[in-house]
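Along the sequence shown, the residues carry numbers beginning at 1.
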Amino acid sequence: MSGSDATGAPRETAGARSDVTGAREAELVRELTARLGLPGLVDVHTHFMPKNVLDKVWAYFDAVGPMTGQPWPITYREEEDRRVELLRGFGVLAFTSMLYPHKPGMGAWLNGWAADFAARTPDCLHTATLFPEPEAAAYVRRALDDGARVFKVHLQVGGFDPTDPLLDEVWGLLAESGTPVVIHCGSGPAPGAFTGPGPVGAVLARHPRLRLVVAHMGMPEYEDFLGLAERYEGVRLDTTMAFTDFSERLAPFPRDALKRLADLRDRVLLGSDFPNIPYPYVHQLHALERLGLGDDWLRAVLHDNGAALFHVKP
């Protein structure tokens with residue numbers, strides 16, 4: 001390692017990161033969880049989806065360099081079975097199959113794929129998704145009846161307004177059932193027509209009991225989304241890509257907001273964006289550790305909060 005971040009903690013260089021890929025990485029992850037006395041990790045933001053869809057997602061990241069100004073190589077460009085095996089090797093007790101439509105007519109199909117994936121992958125939390133379309137309420141209700149435990153919504157990729165009247169019944173169903181919704185609503189890596197705290201804040205004002213998990217800590221509007229979490233009891237934040245060297249170059253987390261982050265300890269969840277990350281999985285964990293918020297905070301984020309929310313047992 002060389003250099004340091006704004007907190008004075010050592011910052012990992014690309015060369016240092018290359019040393020933790022391969023077999024050594026799982027060992028490093030398990031060393032951290034063992035030191036903290038944890039049975040493993042609960043990662044609420046991992047991606048599994050139909051191959052043809054994932055191929056398009058990877059093609060997007062392959063071309064995203066001009067958007068972010070830096071390359072975005074996929075570290076875990078592996079077959080599906082191998083990706084599951086890697087997460088299990090890291091000691092991840094529960095993970096998700098975050099998937100999302102970018103146009104009408106995809107939601108129900110993706111939900112069918114995700115239900116099948118969860119049935120054959122018992123450590124995957126049964127994930128579902130949605131899009132503003134006349135059929136949305138019906139297929140969301142069907143997914144809930146079929147056992148969906150978490151939903152994924154991507155306002156940037158979907159390009160839709162979360163206050164669309166076609167979603168009002170959907171938000172009501174999800175609020176009433178208490179089902180968590182991981183929602184990409186921040187404006188990173190590039191703003192969309194309906195990203196930022198305003199649109200999702202309007203949804204929460206109408207459905208204050210929604211359990212929204214703000215992906216990427218709301219990057220780059222971190223403080224605005226911290227405010228929503230402070231205002232609404234059901235709002236949580238996931239750590240996906242936040243605090244890593246990659247994201248700190250693009251959208252650094254304001255260090256004067258760390259006290260607010262510490263105070264929200266019980267509502268911050270581990271997310272990684274595996275496999276679509278441009279660095280080793282363990283780097284996300286080290287980035288959280290070097291914030292210096294203490295082992296109790298780390299235990300809550302890496303395991304306890306997700307385990308409580310999704311009733312995950314070792």
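- Cluster membership for L155 and L237, using ILVMFWY side-chain heavy atoms within less than 4.5 angstrom, is shared.
- One hydrophobic cluster, built from ILVMFWY side chains closer than 4.5 Å, holds both F225 and L210.
- The backbone N or O of A242 sits less than 3.5 Å from a side-chain atom of Q284, completing a donor-acceptor pair.
- A distance-only check finds no donor-acceptor pair linking the side chain of T129 to the backbone of V153 [under 3.5 Å].
- Rounding to the nearest 0.5 angstrom, the gap separating the CZ atom in F310 from the OG1 atom in T96 is 8.0 Å.
- Using a 3.5 Å distance cut-off with no hydrogens or angles, the side chains of W58 and N276 do pair a donor with an acceptor.
- The distance between the ring centers of Y281 and F90 falls below 6.0 angstrom.
- How far CE of M217 is from OG1 of T240: 10.0 Å, rounded to the nearest 0.5 Å.
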Test side chain to side chain contact (heavy atoms under 4.5 Å, CB included) applied to W297 and L261, step by step | CA-CA 10 Å; W297 187 86; L261 185 63; 3.9 Å; yes

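- Using a 4.0 Å cut-off between charged side-chain N and carboxylate O, D145 and R141 make no salt bridge.
- Ring centroids of H154 and H102 are separated by 6.0 Å or more, keeping the two rings apart.
- Rounded to the nearest 0.5 Å, atoms CG (D295) and CG (L32) are 8.5 Å apart.
- Side-chain heavy atoms closer than 4.5 Å link hydrophobic residues (I, L, V, M, F, W, Y) into clusters, and following such links, possibly through other members, connects V214 to V301.
- The two residues W171 and P162 have their closest heavy-atom pair at NE1-O, 2.8 Å.
- Considering CG of L99 and CZ of F151, their distance stands at 10.5 Å, rounded to 0.5 Å.
- No path of Ile, Leu, Val, Met, Phe, Trp and Tyr side chains, each step under 4.5 Å between heavy atoms, connects V203 with V182, placing them in separate hydrophobic clusters.
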Go through the steps to decide whether D238 and H216 satisfy the test side-chain hydrogen bond (donor to acceptor under 3.5 Å, both in side chains), and finish with yes or no.
-> CA-CA 6 Å; D238 86 27; H216 305 278; 5.5 Å; no

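- Rounding to the nearest 0.5 Å gives a distance of 6.0 Å between CG of L41 and CG of L285.
- We find that R24 and E27 are joined by a salt bridge, their nearest charged nitrogen and carboxylate oxygen being less than 4.0 Å apart.
- Donor-acceptor pairing under 3.5 Å is lacking for the side chains of D146 and H126.
- Salt bridge R120/E80: present, at least one basic N to carboxylate O contact under 4.0 Å.
- Residues F48 and F95 bring their aromatic ring centres within 6.0 Å.
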I would like to know whether V150 and V181 meet side chain to side chain contact (heavy atoms under 4.5 Å, CB included); could you show each step before the answer?
-> CA-CA 6 Å; V150 59; V181 181; over 6 Å; no

Worked verdict on S272 versus D43 for side-chain hydrogen bond (donor to acceptor under 3.5 Å, both in side chains) | CA-CA 7 Å; S272 68; D43 189 337; 2.6 Å; yes

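- The aromatic rings of H283 and Y279 stand perpendicular to each other, their planes meeting at an angle above 60°, with 30° marking the opposite boundary.
- Hydrophobic clustering of Ile, Leu, Val, Met, Phe, Trp and Tyr side chains at less than 4.5 Å, counting indirect connections, keeps L269 apart from V92.
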Applying side chain to side chain contact (heavy atoms under 4.5 Å, CB included), run through Y60 and W72 and close with a yes or a no.
-> CA-CA 10 Å; Y60 167 82; W72 194 311; over 6 Å; no

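- For the pair S177 (side chain) and A175 (backbone), a donor-acceptor distance under 3.5 Å is absent.
- Atom-to-atom distance recorded for L36:CG and H303:NE2 is 11.5 Å, nearest 0.5 angstrom.
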